[in-house]
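Here the structure is a predicted model, which is why all the values come from computation and not from measurement. Heavy-atom basis, side chains included; hydrogens, waters and symmetry copies ignored. Chain letters run A, B, ... following the sequence lines, proteins first and then strands; every chain starts at 1.
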Amino acid sequence: MSTFDKATVARMATLARLKLDDDELDHFAGELSQILTWVEQLSELDTDQVEPMTSGVAGEGLRWRADHVDDGNCQDKVLGNAPEAAQGFYCVPKVVE
Amino acid sequence: MSHSELINLTIAEARDKLARREFFARELVEAHIAAMDATRPLNAYVTETAEKAMEAAKRSDDRRDHIREIGGSCASMEGIPIAIKDMFCTEGVPSTACSKILKGFVPAYESTVSANLLRHGSIMLGKVSNDEFAMGSSNTTSAFGAVKNPWKRADDAADLVPGGSSGGSAVAVASRAAMCATGTDTGGSIRQPAAFCGIAGLKPTYGRCSRWGIVAFASSLDQAGPMARTARDCAIMLEAMAGFDPKDSTSVDKPVPNFEAALTGEVKGLKIGVPKEYRAPGMTSEIEALWEQGIAWLKDAGAEIVEVSLPHTKYALPAYYIIAPAEASSNLARYDGLRYGQRVSGANLTEMYENSRGEGFGPEVKRRILMGTYVLSAGYYDAYYRQAQKVRRLVSNDFSEAFQKCDALLTPTTPTPAFAIGENADDPLAMYLNDVLTVTVNLAGLPGMSVPAGLDQKGLPLGLQIVGRAWDEETVLRIGDVIEQQSGFNSLPAGLAKL
């Protein structure tokens, strides 16, 4: 169907916000092409009449829950693991000039 | 009792002896802390919490005294020392999924499953290693380094992998540095390391144990389960872990059975299916022979053996390697270097994301994020992701058909015994094949268990897998217990804690 060439790896890395060096791009292009060729055997199957399975186990759907606040007022805990925080906020590099 | 006697007890034995006051929880915990110390070269634990464990053991003894005074019964795992896989968030104790990107992360909350275990009286000894983000079958991709299997081949000294991803859990339990451990299983991550290390491990039905507070890998496949030395211990532990949790939208509201009561020692009249497609390529003749032996044991015990067919088996692994990376790429988007974990600065926000993720994730995780991003991207979604979800339905339907003819399935757990650290390292596809016999069960969301059943010629443990109908862990445990009785497996690894 398609190949996982170096340019494709680079494009996926950009979409996934992953910095990869040139060696990694080459390496992953080789490996991912091999994996992609292998998974393509799925196209042998005629699945026109098959409903995709999206639940973890057949017969169980997702349940509804009430939309209400049941947690909160724990700013210190939330920010406790932040690499950088100040005055109750996360700090990030400047995004607006 | 001596420390070495204490660490060799099963949970069921320790529970009964604690109840008869033959020893205190603090002695049991002390013995396991000594074992944790003695087995440190195996690298199973990534965070040891010995002091906290001793304090908890004293509180456990106090609770037992109190209940004795007022009358009543103790919690089911009162005083039992356990290990928790590093995929579980534990309040106030570092939880990193064994990834650099979560270095230093200390959760402000406790996962539901570990909280349930604590509520049932168990005592955490520490956190144990896994493949980074539970992605792997060898426990060699952990940021804390490879974990070593306590078993060795009779004829060489090479360090073997414990399997993965729950390698640290399996090693802690096999080497007696914990009585049991939590695992998580997305494609075989409880059952394969259990088989490689000669212990028992059960992946419950999807939705049986809450996923809340467990680091997410592939949310529609991940399930937590018990790892222990016997089917009975797995039953005790599963009962303490399981239960409906409103905080997990996929947790299913069903009563938790008394799993231990299901171990009747009786399989007479049960129909055991043997799927012909499970003679996997590369399966060793010894594993085939063990499978035949397992069939003979169950037949002797009065079960009826029926041949069944699961025709889409060979498509399960490729479908898994589309679905799991797709879900992983989406789940792992949260690691942005902004709110928690490791940040690597950059000239702007995008560079900060890219640098943090580029340095924080290891090669296996990056490979899966790239694959997942690809199969979900515009133009490829239908051809790969949607097709894989349809194949998942076909795999699930295969099981439904088979369970018209039988009550449970018996298969080997893995195509080979444990391999040496470094083997398969350069070939991701060869590594992925470890999961060929276990992954089908995750796609269908069914309960599956590995029990130790014998040794190969080189003295390495081999496991048999029992697969049950959805929500029927009881039959799975019952059969596992009977196989244990029949096999009489009592071999011990060379790397057992020496105290």
Side-chain angles (χ1 to χ4, degrees), chain A residues 1-2 4 8-9 11-21 24 27-28 31-32 34-36 38-45 47-65 70-71 74 76-85 90-95, chain B residues 105-106 108 205-207 220-221 246 249-250 252-253 312 315 318-319 321-322 329 336-343 345-350 352-355 357-359 361 366-367 369-371 373-374 377 380 383-384 386-394 396 400 428-429 444-446 470:
Chain A
M1 271 187 256
S2 49
F4 224 126
T8 309
V9 178
R11 197 157 49 85
M12 293 305 129
T14 303
L15 287 173
R17 301 288 182 268
L18 272 181
K19 187 184 179 184
L20 300 180
D21 62 28
E24 284 180 301
H27 184 73
F28 285 130
E31 281 180 349
L32 289 166
Q34 195 197 350
I35 296 169
L36 199 65
W38 172 68
V39 299
E40 271 169 10
Q41 62 180 293
L42 296 186
S43 62
E44 294 164 23
L45 290 167
T47 55
D48 281 354
Q49 304 301 316
V50 181
E51 191 62 25
M53 180 167 167
T54 54
S55 62
V57 57
E60 301 291 342
L62 291 177
R63 61 171 192 283
W64 292 89
R65 63 164 171 79
D70 58 5
D71 199 1
C74 52
D76 290 349
K77 278 188 171 184
V78 169
L79 293 174
N81 277 294
E84 207 185 332
Y90 292 111
C91 297
V92 297
K94 197 194 270 186
V95 284
Chain B
F105 177 64
V106 181
T205 311
Y206 183 85
S220 80
L221 301 160
S249 63
T250 60
V252 176
D253 194 358
H312 296 94
Y315 298 104
Y321 275 99
I322 291 173
S329 72
D336 54 9
L338 202 158
R339 291 159 301 158
Y340 43 78
Q342 177 188 264
R343 171 186 293 193
S345 57
N348 52 48
L349 187 63
T350 302
M352 187 205 82
Y353 290 148
E354 289 177 341
N355 293 346
R357 292 165 62 79
E359 284 196 26
F361 293 132
K366 286 180 184 167
R367 183 159 55 232
I369 290 174
L370 292 167
M371 186 71 188
T373 305
Y374 183 82
S377 60
Y380 299 114
Y384 293 107
R386 201 173 155 81
Q387 178 71 355
Q389 285 184 310
K390 289 178 167 191
V391 174
R392 182 176 187 176
R393 172 80 62 194
L394 294 173
S396 175
S400 306
L429 275 180
L446 303 175

Pick whichever of V95(A), V78(A), I35(A), T8(A) has the most heavy-atom pairs under 4.5 Å with chain B.
-> I35(A)

Taking the side chain as every heavy atom from C-beta outward, state whether T373(B) and L18(A) have any atom pair closer than 4.5 Å.
-> no

Atom group of L20(A) that falls short of 4.5 Å from chain B, counting heavy atoms | side chain

Top of G61(A), C91(A), A58(A), C74(A) for chain B proximity - count of heavy-atom pairs under 4.5 angstrom = C91(A)

For R367(B), all residues meeting salt bridge (Lys or Arg N to Asp or Glu O under 4.0 Å), sequence neighbours excluded = E31(A), E364(B)

Comparing R11(A), M12(A), E51(A) against chain B, the one with the most heavy-atom pairs below 4.5 Å turns out to be M12(A)

Which atoms of R65(A) approach chain B - backbone, side chain, both or neither, heavy atom under 4.5 Å | neither

Check each atom of S377(B) against the heavy atoms of chain A and say whether the ones under 4.5 Å are side chain, backbone, both or neither.
-> side chain

Heavy-atom distance under 4.5 Å between the side chains of T47(A) and R393(B), does that happen here?
-> no

G346(B), A319(B), A470(B): which one forms the most heavy-atom pairs within less than 4.5 Å of chain A?
-> A319(B)

So which of I369(B), V106(B), T250(B) has the largest heavy-atom pair count under 4.5 angstrom toward chain A?
-> V106(B)

Please report the closest heavy-atom contact between L45(A) and Q387(B), naming both atoms and the distance.
-> O-NE2, 3.4 Å

When rounded to the nearest 0.5 Å, the distance separating CZ of R343(B) from CG of D336(B) is 8.5 Å

Do L349(B) and M352(B) have side chains that get closer than 4.5 Å, going by heavy atoms?
-> yes

Could you tell me which residues satisfy side chain to side chain contact (heavy atoms under 4.5 Å, CB included) with E44(A), sequence neighbours excluded, listed by chain and number?
-> Q41(A), K314(B), Y315(B)

Step-by-step side-chain hydrogen bond (donor to acceptor under 3.5 Å, both in side chains) determination, R392(B) to S220(B) | CA-CA 11 Å; R392(B) 182 176 187 176; S220(B) 80; 2.7 Å; yes

Out of E84(A), K77(A), R63(A), H27(A), which one racks up the most heavy-atom pairs below 4.5 Å with chain B?
-> R63(A)

Option in G56(A), A13(A), P93(A) with maximal non-hydrogen atom pairs under 4.5 Å from chain B = G56(A)

Heaviest contributor of heavy-atom pairs below 4.5 Å to chain A, chosen from K390(B), R357(B), R386(B), is K390(B)

Where does S55(A) contact chain B at under 4.5 Å (heavy atoms): side chain, backbone, both or neither?
-> backbone

Among V252(B), L446(B), L338(B), V391(B), residue most engaged with chain A (heavy-atom pairs, under 4.5 Å) | L338(B)

If you tally heavy-atom pairs under 4.5 Å between each of G341(B), G445(B), S345(B) and chain A, the highest tally belongs to G445(B)

Shortest non-hydrogen separation from V57(A) to Y206(B) and the atoms involved = CG1-O, 3.6 Å

